[in-house]
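Working notes, structure below.
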Amino acid sequence: MNNNTLASLDLKYIWHPCTQMKDHEFLPMIPIKEGKGVYLYDFDGNGYIDAISSWWVNLFGHSNRYINQKIKEQLEKLEHVILAGFTHEPAVSLAKKLVEITPQNLDKVFFADNGSSAVEIALKMSYHYFKNKNINKDTFLSLTNSYHGETIGALSVGDVELYKKTYEPLLIKNIQTPVPKNNTQKAAKEAAKILEDILEKNSSKICALILEPLIQGAGNMHIYHPYYLKKARELTKKYGIHLIADEIMTGFGRSGTMFACEQADISPDFLTLSKGLTGGYLPLSAVLTSNEVYSAFYCDYSEHKAFLHSHSYTGNPLACSAALATLDIFENENIIEENREKSKYMAECIQKFKEFNIVENIRQCGMIAAFDIKGYDPKERIGLQVYSYGLQHGVLLRPLGNTIYFMPPYIITKEEMDKMFGIAYEAVELIDN
Ligand SMILES: *Cc1c(COP(=O)(O)O)cnc(C)c1O
C-alpha cells in the first residue's frame, strides 16, 4: 500500500467531513499509516507535525504509551455495555473525577459520545428544567461568532455563516448578543452592557446563555476578557436563566488553566466537555450540571419529568478508560504548570510574524497561538496555500479562512515548535512576496 493507491480507493468510497470533495481533484488526500508523539506518518514515509492536534483533540501525542496501555487493559475486561440500568467502573471513576476537578456546583455527569451531542443535551436539559418547573421558555441566547457543533440544535446557537446559513429554516429559536470585540476589559464591558439590555427585554423566554469561555475556536480563535464571563454569570443569575459553558475546545488545559471558567472564577449551570477529554483517542463527551438541576427531573416515573435522552455508545468503557488515563497524566506530570513555559515560548515565536505587513491580530492564550492575514478576500483561499505549503514541508496546519493558528499537542518540544512556526513563516513569506 502507498499513498496513491489508498487515496484513490478512499475517494471512491468516502465522503469526508467539512470538505468540498471536488477540491481533491487538485489536493492530494493524505493517508496516515501511523502516529507517534506530535508526528503523523503517511504511507510513503513522510512525517507531519500535527500542529492542530488532529482537530483540537490530541493532548499527549499520538500512540501515547500510557493511554495505549490503559485502553488495552480495559479492552481485556469489557468493551461496552448499555449505561441504562447498568454501570461500569471506568464511567463511575471518571464521573467522580470530573466532579472533583471542575468548578463547584457541578455535581452530576451525563455522558454522550461527541461534542455536538453534549451541546444538544445541555440545551434540552435547560429547556426541560424550566418546563418541569412549569415555566415556558423556548429560546436560547448565544454569542456572535460562536461555534457549538453541527447538529441542528448546536448549529442553531452557533454563528459561523458558512456552516449555518443553508440550514436556516430548520433551526431552533436563538437570539445573539455580540461577543466582546477584542480581549480588553473595555470591550468586555461594552458587550456585557448589550447582554444586560437583551436580558432585560427577553429573559422571560430565554432558557440559557451558551458561550465558549475566553476563546471562540471555530470563530477564528477569537479571544476575549474574563471580565465578560464574570458579568455573564452575574447577569444570568440575576435574570433567572442558565449559563452553559461550552468547554469542548477550551477544556483540559487548552486555555492555560484546566478549565477556562477558572480564569473568571465562575461556575456555570452546565459544562460541556469532549475533544481533549479522552486525550484525543476515542469519542466521548460529558455534560456536568448541579444537583439543583438534577433534582428538577427527579420524581415518580408517572410524573413524566425524566430526561429520556440516550445514545447507544453513551459512556463507552474504552473511551472512559482513555479519559481516566488522560487525567492521570495531568495529575502525575504537572502538565498545567509545564504548559506555562511552553505557551510562553509560543507567544515568543508568534511575535516574529509581526515582520509581515499582511499579518495582524497576533494573539495567544494558553496552548493556542494565532494571527490573521489581511488584504485577501476569503474567496482567494489564502489559508489553503498555507495548508498546502505546510503539508509539502512536514507540518499539518489547517487555517480557518485567513486565520493561521497553532494548537499543538502539549508534548511538543521547542525544536518541534521551531519547525512548526518556521514552516508557517515560510508559507506567509511566499504570500507576502
Ligand atoms: C468541536 C466543538 C464542538 C462540537 O464537537 P464535535 O465533537 O465536533 O461534535 C462544540 N463546541 C465547541 C466549542 C467545539 O470546539
Side-chain angles (χ1 to χ4, degrees), residues 16-19 52-59 102 110-126 140-160 162-164 167 171-172 174 176 179 208-224 228-229 232 243-255 259-261 268 270-288 309 311-316 319 322-323 326 365-368 370 398-401 403 405-407:
H16 286 264
C18 206
T19 301
I52 59 160
S53 296
S54 283
W55 255 349
W56 319 351
V57 298
N58 193 288
L59 303 187
T102 49
F110 195 100
F111 286 113
D113 51 19
N114 67 82
S116 303
S117 295
V119 169
E120 299 287 336
I121 288 163
L123 298 176
K124 282 177 72 180
M125 269 185 185
S126 173
F140 293 92
L141 179 60
S142 57
L143 302 193
T144 54
N145 193 50
S146 60
Y147 177 86
H148 297 289
E150 319 259 358
T151 51
I152 298 294
L155 202 59
S156 305
V157 292
D159 184 33
V160 179
L162 187 63
Y163 306 143
K164 183 171 178 175
Y167 307 100
L171 304 180
I172 62 174
N174 175 61
Q176 263 159 2
V179 67
L209 166 66
I210 180 169
L211 48 75
E212 297 156 89
L214 290 190
I215 316 162
Q216 295 182 313
N220 297 356
M221 302 298 159
H222 181 73
I223 301 169
Y224 62 89
Y228 185 77
L229 290 177
L243 177 65
I244 304 172
D246 179 355
E247 293 229 26
I248 290 168
M249 189 277 284
T250 50
F252 303 100
R254 197 46 86 174
S255 72
F259 300 100
C261 283
F270 298 93
L271 177 70
T272 56
L273 301 173
S274 189
K275 292 203 164 105
L277 171 59
T278 63
Y281 264 72
L282 287 160
L284 181 70
S285 62
V287 180
L288 279 83
H309 182 111
H311 298 286
S312 318
Y313 284 101
T314 293
N316 173 264
T326 300
C365 179
M367 290 297 284
I368 302 172
R398 201 170 188 280
L400 291 154
T403 298
Y405 72 90
F406 306 86
M407 200 196 278

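Indexing begins at 1, ligand by ligand and atom by atom, following the structure's order. This structure is a prediction, so every number in the text was calculated from the model and none was measured.
You'll find the side chain of M407 reaches within 4.5 Å of the side chain of M221, heavy atoms only. Between L59 and R254 the shortest side-chain heavy-atom distance falls below 4.5 Å.
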Are H311 and D113 close enough, and set up right, to give a side chain to side chain donor-acceptor pair (under 3.5 Å), and what steps lead you there? CA-CA 7 Å; H311 298 286; D113 51 19; 4.6 Å; no
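Judged purely by distance below 3.5 Å, without hydrogens or angles, the side chains of T250 and E247 pair a donor atom with an acceptor atom.
Shown here for L282 and A322, the closest heavy-atom pair between the two residues is CD1-CB, 4.4 Å.
Near ligand 1, heavy-atom contacts under 4.0 Å come from W56, N114, G115, S116, Y147, H148, G149, E212, D246, I248, M249, K275.
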Donor-acceptor contacts under 3.5 Å from residues 153-160 side chains, at least two apart:
unit_1	atom_1	unit_2	atom_2	d
S156	OG	I152	O	2.6
S156	OG	I172	N	3.0
D159	OD2	N145	N	2.6

